[in-house]
J.: 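Please read through the structure below; I'll follow up with questions.
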There are 2 protein chains.
Amino acid sequence: MVKKKSPNKASSLQEAGAHRARVTSYDVAAHAGVSQSAVSRCFKPGASVSKKMRDRVMKAVQELGYRPNAIARGLITRRSNMVGVVVSNLNFYPEVLSELNKRFIARGVHVLLFSLDQESDVGSILEQMWQYPLDGVIAAAHLAPEQIAMFEERGVPLIFYNRSYQDVPVSSVCCDQTEGERMLVSQLAASSTHKLYGIVAGPKDSVVSMQRTEGAKQRLAELGVTDVQVVPGDYTYESGRRAVSRLVEVCGRVPDAIVCANDMMAMGCMDELRFKHDLDVPGDVSVVGFDGVKAASWASFNLTTVAQPVESMAEAVVTMLLERVDNPEMPPEKRTFSGVLRAGGSIRR
Amino acid sequence: MVKKKSPNKASSLQEAGAHRARVTSYDVAAHAGVSQSAVSRCFKPGASVSKKMRDRVMKAVQELGYRPNAIARGLITRRSNMVGVVVSNLNFYPEVLSELNKRFIARGVHVLLFSLDQESDVGSILEQMWQYPLDGVIAAAHLAPEQIAMFEERGVPLIFYNRSYQDVPVSSVCCDQTEGERMLVSQLAASSTHKLYGIVAGPKDSVVSMQRTEGAKQRLAELGVTDVQVVPGDYTYESGRRAVSRLVEVCGRVPDAIVCANDMMAMGCMDELRFKHDLDVPGDVSVVGFDGVKAASWASFNLTTVAQPVESMAEAVVTMLLERVDNPEMPPEKRTFSGVLRAGGSIRR
DNA sequence: ATGAATATTGCATTCGAAGTCATTCAGGGT
DNA sequence: ACCCTGAATGACTTCGAATGCAATATTCAT
């Protein structure tokens with residue numbers, strides 16, 4: 001009749017293979033001869049526990065190798081201390097992921113990783129995310145407005161990393177793509193007089209590419225250059241190589257200044273120009289990129305580019321997310337960082 | 001007296017801001033007018049549920065936007081469907097992480113990420129891991145024997161990725177470093193007669209570097225070359241560049257064949273030789289790497305290297321780990337894959 | 001020493017889903 | 001109409017830790 005609680009008596013086989021059963025707070029409690037609550041409190045900063053109790057519990061904790069189960073804790077505290085990070089293609093964001101993870105871990109938060117092969121299956125990724133009680137999510141991928149709305153509905157803070165949504169009230173941390181591209185073009189124009197400009201854009205559906213490309217066109221127009229050909233790429237090295245041929249097709253000849261929407265493609269361009277067209281960069285053609293990836297600074301490329309302030313951006317996005325986890329009422333906020341012009345030697349002078 | 005269960009009645013404000021309260025199986029049950037058990041069963045494949053019941057429940061699920069809470073489920077099933085992945089430095093393993101994550105997700109398992117800045121704080125990373133009921137762990141980092149033992153004690157399957165421990169009964173999936181390096185040296189020797197060989201190793205404490213370096217020395221010895229200088233690096237591009245100077249110091253001149261413990265350093269070497277020493281690669285000096293990273297195949301480098309079969313290795317490690325999750329009694333197993341020689345154009349002929 | 005105020009402690013309940021077990025229901029055979 | 005069988009369903013408990021509240025122990029002032 002009266003329900004009998006039989007907490008879990010694994011303490012009997014503790015010495016033998018500590019194997020199998022995880023040590024729980026009940027095990028520790030039994031071992032120390034106190035209540036489970038007491039054990040729990042010993043792990044809660046600022047809880048009311050006497051020194052004697054704490055010592056006793058900690059001794060048992062040591063002896064049994066107990067660690068509080070973060071998952072069980074999250075169930076009741078409604079704080080999983082886990083955030084989701086969605087990246088569209090891991091290869092593009094190694095440093096970013098590294099920076100984010102490092103910072104989250106430093107604040108006791110862990111990262112559950114979600115990656116997209118082709119951006120197509122975002123839906124299924126979200127389905128999976130809803131199964132976890134994530135405290136928040138950082139997205140370095142494109143989401144549809146309805147998908148963004150679901151986060152709002154479910155009360156899960158969401159922040160975009162380097163993706164901006166105009167007119168949509170959602171938080172984001174971005175690098176100022178337009179401004180950066182304008183700096184690059186200004187630099188190009190200041191160093192030498194180029195006769196023909198070509199632009200290698202990213203995928204048509206990439207907002208970032210659009211902003212960078214527009215920035216370049218804008219600034220060129222201001223400088224009086226309006227006849228500019230744009231060919232699309234997909235952010236990869238290979239597409240950068242192919243882009244050169246495409247530019248030749250649409251321009252009739254090789255441009256003497258190529259603005260690429262990212263560093264990877266810029267390096268592809270340089271290699272194609274040098275090894276396929278036997279041209280010199282920067283002697284014959286100037287090339288600029290965007291992002292400031294490691295390889296761009298290697299001697300072989302020494303690419304002039306605009307570096308994203310990855311550390312600042314990572315710090316900002318982590319801070320913003322955790323702020324919103326603590327205070328769900330905070331309104332969306334968009335933060336934009338300026339890129340840093342990294343003058344290399346890929347511009348003719 | 002009789003305890004009154006008041007399950008959670010949020011169903012009242014469902015229409016208004018679905019906000020705040022997560023939808024639980026109780027909410028669905030109430031909405032559909034069935035028991036919570038019924039809802040649970042509808043999500044368990046092969047459970048005994050009538051079509052009528054299933055339809056009714058699913059309708060409520062749709063209307064409320066319910067998703068089972070994977071965390072709560074894991075608590076009782078003792079299967080979190082989460083695995084930990086530890087990498088020593090994210091920048092070194094982007095493709096690997098991507099491959100692993102993709103494969104785990106395809107099997108309904110999610111990855112909790114742990115990264116090390118300097119391999120020093122492995123201890124604290126482990127402390128954090130013990131807080132999660134991970135089904136298993138993949139480590140692409142070095143662990144001390146005592147640390148490895150803890151996994152055994154706690155019954156958490158552990159598999160090393162590309163780290164081997166001789167004489168320690170622990171599972172691992174590796175690329176055959178020695179064999180690969182021997183292939184490279186054979187290739188070097190077959191293509192041209194080199195007068196002076198130099199080796200750029202990895203950090204002294206890296207087993208992988210040791211194996212690669214030993215493989216190279218071994219094969220060189222077999223070919224009658226015994227006077228070989230080895231200088232250490234740290235796997236980065238910059239250390240590859242520095243290594244050239246170090247080789248010059250210890251050899252008295254620039255070697256005409258340099259074997260690097262990985263591609264990054266090989267590319268650093270090439271750049272240093274070309275841009276600092278004004279030498280031609282492969283005309284004056286042959287350089288080989290190891291790993292088969294993307295950049296190595298770029299036209300600027302066209303590096304001859306041995307590629308790790310990342311996809312096969314990732315598939316193997318994921319399979320092995322999940323096998324051991326299902327069957328904890330499986331004994332440790334070490335799998336070694338052969339690298340694939342990727343002949344580029346960095347060897348003199 | 002005594003009562004009030006404060007600090008510790010334990011009990012019972014809760015988080016969300018799943019498993020156990022007993023009960024109920026539908027269908028089939030006679 | 002009646003019994004039997006297997007399927008369908010619900011009540012209750014469990015996983016591991018945290019917490020409100022009540023019970024108990026200390027401390028302090030008087």
J.: I want to verify a distance call: between C:dG10, D:dT19, D:dT9, whose nearest atom is closest to the B:Ser50 side chain?
T.: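 Of the options given, the side chain of B:Ser50 lies nearest D:dT9.
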J.: Rounded to the Å, how far apart are A:Asn69 CG and D:dT14 C1'?
T.: 14 Å
J.: Can you check the B:Tyr132 OH to D:dG16 P distance for me, whole Å?
T.: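 Computing the B:Tyr132:OH to D:dG16:P distance gives 17 Å.
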J.: Would you say B:Ser35 places a side-chain N or O within less than 4.0 Å of OP1 or OP2 belonging to D:dA11?
T.: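 No, B:Ser35 has no side-chain N/O under 4.0 Å of OP1/OP2 on D:dA11.
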J.: Does A:Tyr66 have its ring centroid less than 6.0 Å away from the ring centroid of A:Phe43?
T.: yes
J.: Looking across every strand, which nucleic acid part, if any, lies under 4.0 Å from B:Val34 by heavy atom: base, sugar-phosphate, or nothing?
T.: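 The residue B:Val34 makes sugar-phosphate contact but no base contact.
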J.: Measuring to OP1 and OP2 of D:dG6, would you say a side-chain N or O of B:Ser48 lies under 4.0 angstrom away?
T.: no
J.: To the nearest angstrom, how far is A:Asn81 atom CG from D:dG16 atom C1'?
T.: 16 Å
J.: If you compare every side-chain N and O of B:Lys44 against the phosphate oxygens of C:dG19 (OP1, OP2), does one of them come in below 4.0 Å?
T.: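 Checking B:Lys44 against C:dG19: at least one side-chain N or O falls below 4.0 Å of OP1 or OP2.
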J.: Report yes if a side-chain nitrogen or oxygen of B:Ser25 is closer than 4.0 Å to either non-bridging phosphate oxygen (OP1 or OP2) of C:dG16; otherwise report no.
T.: no
J.: Within the modelled atom types, does a donor on one side and an acceptor on the other bring the side chain of B:Arg67 and the base of C:dG16 under 3.5 Å apart?
T.: no
J.: For B:Asp27 and C:dC15, give me the distance from atom CG to atom P, rounded to whole Å.
T.: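 About 11 Å, once rounded to whole Å.
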J.: Can you say whether the rings of B:Tyr132 and B:Phe114 are parallel (under 30°), tilted (30 to 60°) or perpendicular (over 60°)?
T.: perpendicular
J.: Taking atom C1' of D:dG16 as reference, at what distance in whole Å does atom CH2 of B:Trp130 sit?
T.: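 After rounding, the gap between these two atoms is 18 Å.
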J.: Is the shortest distance from a Lys or Arg side-chain nitrogen in B:Lys59 or B:Asp55 to a carboxylate oxygen in the other one below 4.0 Å?
T.: no
J.: Within the pair A:Tyr66 and D:dG16, is there a side-chain N or O less than 4.0 Å away from OP1 or OP2?
T.: no
J.: Just how far, in rounded Å, is P of C:dC11 from CZ of A:Arg41?
T.: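 Those two atoms, CZ and P, are 11 Å apart.
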J.: Strictly below 4.0 Å, N to O, side chains only: are A:Arg78 and A:Asp135 in salt-bridge contact?
T.: no
J.: Considering only heavy atoms and no angle criterion, is a donor-acceptor pair shorter than 3.5 Å present between the side chain of B:Gln36 and the base of C:dA18?
T.: yes
J.: 5'-most contact on DNA chain D: B:Gly33 or B:Ile76, nearest heavy atom basis?
T.: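 This one resolves to B:Gly33.
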J.: What about B:Ser37: does its side chain form a donor-acceptor pair under 3.5 Å with the base of D:dA11?
T.: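 For B:Ser37, whose side chain was compared with the base of D:dA11, there is a donor-acceptor pair (under 3.5 Å).
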J.: Taking only side-chain nitrogens and oxygens of A:Arg78, does any of them come within less than 4.0 Å of OP1 or OP2 of C:dG16?
T.: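 Answer yes for this pair, as a side-chain N or O of A:Arg78 is under 4.0 Å from OP1 or OP2.
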J.: In this structure, how many angstroms lie between the C1' atom of D:dA18 and the CD1 atom of A:Ile71, rounded?
T.: 15 Å
J.: Can a salt bridge be assigned to the pair B:Glu315 and B:Arg107 using a cut-off of 4.0 Å between side-chain N and carboxylate O?
T.: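 Here B:Glu315 pairs with B:Arg107 in a salt bridge, since their nearest N and O are under 4.0 Å apart.
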J.: When you measure from the side chain of B:Thr24, which nucleotide among D:dG16, C:dA17, C:dC15 comes out closest?
T.: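 For the B:Thr24 side chain, the nearest candidate turns out to be C:dA17.
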J.: Salt-bridged, A:Arg324 to A:Glu333, with N to O below 4.0 Å?
T.: yes
J.: Where the side chain of A:Thr77 is concerned, which of C:dA17, C:dT20, D:dA18 is the nearest nucleotide?
T.: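 In terms of side-chain proximity for A:Thr77, the closest of C:dA17, C:dT20, D:dA18 is D:dA18.
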J.: Base, sugar-phosphate, or nothing for A:Val49, non-hydrogen atoms under 4.0 angstrom?
T.: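 Contact class for A:Val49: sugar-phosphate only.
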J.: Could you tell me whether the phosphate oxygens of D:dA18, OP1 or OP2, come under 4.0 Å of any side-chain nitrogen or oxygen in A:Ser40?
T.: yes
J.: Expressed as a whole number of angstroms, how long is the span from A:Arg79:CZ to D:dT19:C1'?
T.: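 In whole Å, D:dT19 C1' and A:Arg79 CZ are 17 Å from each other.
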